[in-house]
Structure formats: C-alpha cells, structure tokens
Amino acid sequence: GAVVSQHPSRVICKSGTSVKIECRSLDFQATTMFWYRQFPKQSLMLMATSNEGSKATYEQGVEKDKFLINHASLTLSTLTVTSAHPEDSSFYICSASPLVAVRVYNEQFFGPGTRLTVL
Amino acid sequence: DAKTTQPTSMDCAEGRAANLPCNHSTISGNEYVYWYRQIHSQGPQYIIHGLKNNETNEMASLIITEDRKSSTLILPHATLRDTAVYYCIVRVASNTGKLIFGQGTTLQVKP
C-alpha cells in the first residue's frame, strides 16, 4: 500500500528557532500534499494545500510567512515553522494525494505525524 | 462540503459489533461519505467510502440510508486495537480534494 513518511517524528526546539519537517511519499508520486495541525484533544485542522511546482494554498488564519511550505518534487514536501514559539507546539501531520491515471477514491494517505515542542 | 454530526463518544464490548452513526442531512448528490480513523498519536487511516450503495471491505461496512442523510459505519467484531477517533467526512471525490475533519467519535473498545 501507499506509504507516507515524516521526519523527524518528534522535535524539541528553543523559542525563536526554525524547524523543518519533511513529508515523503515513498512508493508513489504525489501531485498534492496537505499539511494539518492537531492540538491535544482536538481534531485535525487543515493548514495548507501544497502542489508540486507551485505556491501552497493556505487556509484562512494560517500565516504564510510563519509556516513555509515547499513542494519541490513529486515525492517531497517540507513545512518550515519559522521563529517557533511555545504556542506552535503541536502535532503536525501531512497527507499525500497520488498522481494516478484512474480515479482512486482513497486518494489521501497520511504520514505518522511530527510532534513539535517549543520550549 | 456538507457538514456532519457524530456522537462525541461511544463504548463497545470487545468482539461485538461497533455501530458508529453519522448525520449529513445537507449532503449533495455528488458528495461521497468517507470514514477515517485516528489511533492515538498516529496519522489518520482510511477505512471506507461510499456514494449511495452499501459498501463492505476487509475493515468495515458502510450503510447509507436511502435519502443519504445519514450513514453508519459498522466494525463487525471490534477489538481493543479498534479504539480510536472515527471521523465521518462528506465531500466531492476528486484526486486533489482536501479533507475537512470534524470532531469525530471516540470509540472505546472494552474487554
């Protein structure tokens, strides 16, 4: 089955530093990747849609300059949390949508998530 | 995309069927019903989807009412590993469509 990986699985950083999270589709090409954020005991919140070779589309209320998204290839998207603060501590999850000729309804595969803690 | 309503939590005895309801009274004709689940501290996992016919796969069955305003996800023989948050999502099927997660139902399977 389709596998999506994330790296790192968890990261602890100091306030003011930047953190990069990678999302890779391991056995398929993904034209579109999505980034979600999840706070404790809450649901997933979509942050942005990342399309290969073009600028990401951010959801309302998500700061573009704070959460930098790059989708440079069909198997890799990165999320950089710039100048991280304690309130950015969260569980970040990516998903990937395959590039397929035939419509596949299970079109999103999720990564295992990255736990970010900002001290 | 249509909004969904699910109970906040449910319990189920191990080995029994778990029936998780979902209301989607504003669903449009071209919108599918998707079910995902999220086990604690993991990424969501696809379970099943359907348009108007009942569907079954190795994980679960999906029963959609004739008017399509509600559906039920059935885990036929729940195990402790099925303890998770279950999300019912209604949206148009596409290769690039985003998923909007509601609060879901926390299913606790008990021994």
Side-chain angles (χ1 to χ4, degrees), chain A residues 1-6 9-10 21 23 25 28-52 54 56-60 62 71 90-115, chain B residues 1 3-9 22 30-60 62 64 71 73 83-108:
Chain A
V3 178
V4 176
S5 70
Q6 283 184 239
S9 58
R10 60 178 62 230
I21 302 170
C23 176
S25 55
F28 67 97
Q29 292 183 319
T31 50
T32 305
M33 290 184 172
F34 302 87
W35 287 95
Y36 297 82
R37 179 168 56 180
Q38 186 175 34
F39 293 108
K41 298 189 183 301
Q42 294 187 24
S43 185
L44 285 80
M45 185 192 78
L46 179 66
M47 299 175 67
T49 302
S50 167
N51 292 297
E52 186 267 338
S54 63
T57 302
Y58 291 81
E59 295 297 304
Q60 191 172 8
V62 177
H71 193 157
S90 188
F91 192 50
Y92 292 87
I93 305 169
C94 72
S95 69
S97 185
L99 170 65
V100 291
V102 178
R103 290 176 69 186
V104 177
Y105 296 103
N106 176 18
E107 67 265 49
Q108 283 194 46
F109 301 92
F110 286 82
T114 296
R115 175 100 32 213
Chain B
D1 293 332
K3 182 178 178 180
T4 62
T5 304
Q6 299 177 252
T8 303
S9 63
C22 179
N30 62 345
E31 289 182 310
Y32 286 72
V33 180
Y34 289 79
W35 283 84
Y36 283 78
R37 73 179 182 183
Q38 185 181 26
I39 296 171
H40 183 62
S41 294
Q42 297 183 24
Q45 175 191 22
Y46 165 83
I47 300 174
I48 199 168
H49 77 277
L51 182 62
K52 52 184 177 182
N53 297 321
N54 297 337
E55 302 288 344
T56 296
N57 62 21
E58 64 278 4
M59 288 183 67
L62 174 60
I64 303 174
S71 60
L73 177 75
T83 293
V85 180
Y86 288 77
Y87 297 99
C88 169
I89 301 171
V90 174
R91 55 173 284 257
V92 177
S94 70
N95 283 338
T96 59
K98 58 189 179 183
L99 294 171
I100 304 299
F101 287 81
Q103 293 305 307
T105 296
T106 299
L107 175 67
Q108 182 73 47

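In the text below, chain A, chain B and the rest are named by the order of the sequence lines, each starting its count at 1. These numbers were taken from a predicted model, which means no experiment stands behind them. Heavy-atom basis, side chains included; hydrogens, waters and symmetry copies ignored.
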>> Less than 4.5 Å to any heavy atom of chain A: does that hold for the side chain of B:I48, its backbone, both, or neither?
In response: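 Neither; nothing under 4.5 Å.
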> Using non-hydrogen atoms only, which part of B:S41 is less than 4.5 Å away from chain A: side chain, backbone, both, or neither?
Replying inline: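 Answer is both: backbone and side chain atoms of B:S41 are under 4.5 Å from chain A.
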>> Only pairs of heavy atoms separated by less than 4.5 Å count here; which of A:I93, A:L44, A:V4, A:L46 has the most with chain B?
In response: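 Counting heavy-atom pairs under 4.5 Å, the top option is A:L44.
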> Looking only at heavy atoms, which two atoms of A:F110 and B:P44 are closest? And how far apart?
Replying inline: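 Nearest pair, atom of A:F110 first, then B:P44: CB-O, 3.3 Å.
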> Can you tell if the side chain of B:Q103 reaches within under 4.5 Å of the side chain of A:S43, non-hydrogen atoms only?
Replying inline: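 B:Q103 vs A:S43: side chains touch.
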>> If I take atom OG from residue A:S95 and atom OH from residue B:Y36, how far apart are they, to the nearest 0.5 angstrom?
In response: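 Those atoms lie 7.5 Å apart.
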> For the atom pair CD (A:E59) and CD1 (B:I100), what is the distance rounded to the nearest 0.5 Å?
Replying inline: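 Answer rounded to 0.5 Å: 5.5 Å.
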> Listed by chain and number, what are the side-chain hydrogen bond (donor to acceptor under 3.5 Å, both in side chains) partners of B:E55, not counting sequence neighbours?
Replying inline: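 So B:E55 forms no side-chain hydrogen bond (donor to acceptor under 3.5 Å, both in side chains) with any residue.
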>> Give me each pair satisfying salt bridge (charged side-chain N to carboxylate O under 4.0 Å, His left out) with a member in residues 31-47 of chain A, each pair once, sequence neighbours excluded.
In response: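 Found none.
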>> Run the ring-ring contact (aromatic ring centres under 6.0 Å, His included) test on B:F101 and A:Y36 for me, step by step, so that the C-alpha distance in whole Å, both residues' side-chain angles and the decisive distance to 0.1 Å come before the verdict.
In response: CA-CA 10 Å; B:F101 287 81; A:Y36 297 82; 5.6 Å; yes
>> Assess, by modelled atom type and distance only, whether the side chains of B:Q38 and A:Q38 contain a donor and an acceptor separated by less than 3.5 Å.
In response: yes
